[in-house]
Peer 1: 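Questions regarding the structure given below will be posed in turn.
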Amino acid sequence: MNNMENLEKQLICPICLEMFTKPVVILPCQHNLCRKCANDVFQASNPYLPTRGGSLTSGGRFRCPSCRHEVVLDRHGVYGLQRNLLVENIIDMFKQESSSKPEPERKEESPMCDVHEDEKINIYCVTHGVPTCSMCKVFGAHKDCEVAPISSIYQTKKTELSDGIAMMVGNNDRMQGIISQLEEACRAIEENGRRQKTLVCEKFDQLYSILEEKKREMSQKVTAEQEEKVNYIRGLTRKYGDHLEESCKIVEKGIQTMEEPEMALFLQNTKPLLKQIADASTTAHLDKIERGYENMDHYKAEFKKESKALRSIDFIQDDEDEDEEDEDGEAGAMEGEGAQTVSASGAAVSAASVQPSAAQQTNSSPGAAKSAAST
């Protein structure tokens, strides 16, 4: 008899908790359901699909109550599921076997009334919603209450519980669908965030390259004038050095002439020596630099406007997307003409603000720095 009880447990529907009612349908996951129970679960999982005669007539999906495997149905709904004839035959054989053998007397362990300990609970108080005994109805606390046979209430409550389970299964399926959508949204947000951060970094790298190029260009201008001035000063230093060396030789020659005892020979050597002294005493043929020639302050760079523009950099609004390409084209054209454009909050500064003026460049050239020789 234990084998029969074990077999009966295998023939219990997980929805209605009773033995399978024919027709029995088999799901793709190999679990079985009463077709009526499968239809209840399907309706609870797809409340907005069209129905006909209480059954869904179009395709949909629901989850197996045993393993949570998703079952996808075609346009026939649950009627498109294959019947498990083997299980139906086993149910018939089990019922025949059960009816042919007398049931052994089973001691039903009915709960006893808490008030009347010798009385079994055999009725149901509809007023208070609790099971009770007949003595409570006649003499006890439920004598004025409405009661009903416990078997009828049992079937009603069991049906309600089965419907509630089916509804909960449908609600669980809907919740699982929402969770799947949220997880997918999470993945999409992470992917979109990574992509946008990459694009932002590329934009900043382009800005860095523009700044590096402009820094190199401006530094080269300063370096070019610096080398030009230094080379000119060094050349002038060599000229003055040569003139000083020549003057020292004339002084040495003059001292030797002063020591000449012969007057005629002294006078003979004095005339050309005096001419050499007169020529060496003037530096008119040597260039001189003006005051402030060494100054390089005319290469001033003021970036207050640009700094303000950089600090105001932010993401563009949706209505500005169409203008982005035009702004990039204008910036490239202005760079080709030698102008510097900082695109952030509309601030644009000419490259002339960081370059020396024409007058300053003229005054700073080595040729203009030379003054007329003083006699």
Side-chain angles (χ1 to χ4, degrees), residues 197-248 280 282-316 324-375:
K197 283 191 288 188
T198 301
L199 294 176
V200 169
C201 290
E202 290 177 357
K203 293 291 184 182
F204 273 96
D205 289 340
Q206 294 175 3
L207 189 58
Y208 296 153
S209 64
I210 293 174
L211 293 175
E212 287 293 335
E213 181 181 357
K214 204 64 183 176
K215 181 178 74 173
R216 183 171 57 255
E217 176 185 338
M218 295 172 65
S219 298
Q220 286 175 353
K221 290 180 180 180
V222 177
T223 302
E225 183 170 334
Q226 170 193 333
E227 292 177 353
E228 182 180 2
K229 285 188 174 183
V230 168
N231 291 335
Y232 172 72
I233 294 295
R234 286 175 179 170
L236 197 59
T237 302
R238 286 193 297 270
K239 290 181 180 180
Y240 273 92
D242 295 341
H243 185 77
L244 178 60
E245 183 180 357
E246 185 66 26
S247 297
C248 290
T282 180
T283 57
H285 63 287
L286 297 176
D287 295 336
K288 294 180 177 61
I289 60 173
E290 294 181 350
R291 184 189 300 273
Y293 177 73
E294 70 281 0
N295 197 347
M296 300 286 287
D297 292 344
H298 50 279
Y299 285 104
K300 293 182 179 179
E302 180 59 57
F303 297 120
K304 289 184 179 180
K305 294 181 180 179
E306 291 82 352
S307 300
K308 182 178 180 181
L310 289 174
R311 290 190 181 93
S312 65
I313 289 177
D314 202 350
F315 295 102
I316 59 176
E324 185 178 8
E325 295 182 359
D326 296 338
E327 292 179 359
D328 292 341
E330 292 176 1
M334 293 181 69
E335 280 187 18
E337 296 173 359
Q340 177 185 6
T341 303
V342 179
S343 298
S345 60
V349 182
S350 173
S353 63
V354 294
Q355 294 179 355
S357 62
Q360 288 173 327
Q361 290 180 343
T362 303
N363 294 333
S364 63
S365 63
K370 302 174 185 177
S371 64
S374 62
T375 58

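Along the sequence shown, the residues carry numbers beginning at 1.
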Peer 1: Can you tell me if CZ on F204 sees more than 12 non-hydrogen neighbours from other groups inside 6.0 Å?
Peer 2: no
Peer 1: If I compare all heavy atoms of D287 with all of Y240, which pair ends up nearest, and what's the gap?
Peer 2: O-OH, 3.1 Å
Peer 1: Would you call K214 and E217 a salt bridge, using N to O less than 4.0 angstrom?
Peer 2: yes
Peer 1: Exactly one of K197, E202, K203 should register a side chain to side chain contact (heavy atoms under 4.5 Å, CB included) with L199. Which one does?
Peer 2: E202
Peer 1: Rounded to the nearest 0.5 Å, what's the gap from CD on E227 to CD on Q220? Could you check?
Peer 2: 10.5 Å
Peer 1: Between CD of Q206 and OG of S209, what distance do you get to the nearest 0.5 Å?
Peer 2: 6.5 Å
Peer 1: Under 3.5 Å, is there a donor-acceptor pair between the side chain of K229 and the main chain of Y293?
Peer 2: yes
Peer 1: Grab the two heavy atoms, one from A280 and one from H243, that are nearest each other, plus how far apart they are.
Peer 2: O-NE2, 3.0 Å
Peer 1: Where do Y232 and I289 come nearest, in terms of heavy atoms and distance?
Peer 2: CE2-CG2, 3.8 Å
Peer 1: So how far is it from L244 CG to T237 OG1, rounded to the nearest 0.5 Å?
Peer 2: 12.0 Å
Peer 1: For F303 and L310, what are the C-alpha separation, side-chain angles and deciding distance, and is it a side chain to side chain contact (heavy atoms under 4.5 Å, CB included)?
Peer 2: CA-CA 10 Å; F303 297 120; L310 289 174; over 6 Å; no
Peer 1: Could you tell me whether a side-chain N or O of S219 sits under 3.5 Å from a main-chain N or O of R216, the two making a donor and an acceptor?
Peer 2: no
Peer 1: Which pair of heavy atoms, one from M296 and one from Q226, lies closest together, and at what distance?
Peer 2: CE-N, 3.9 Å
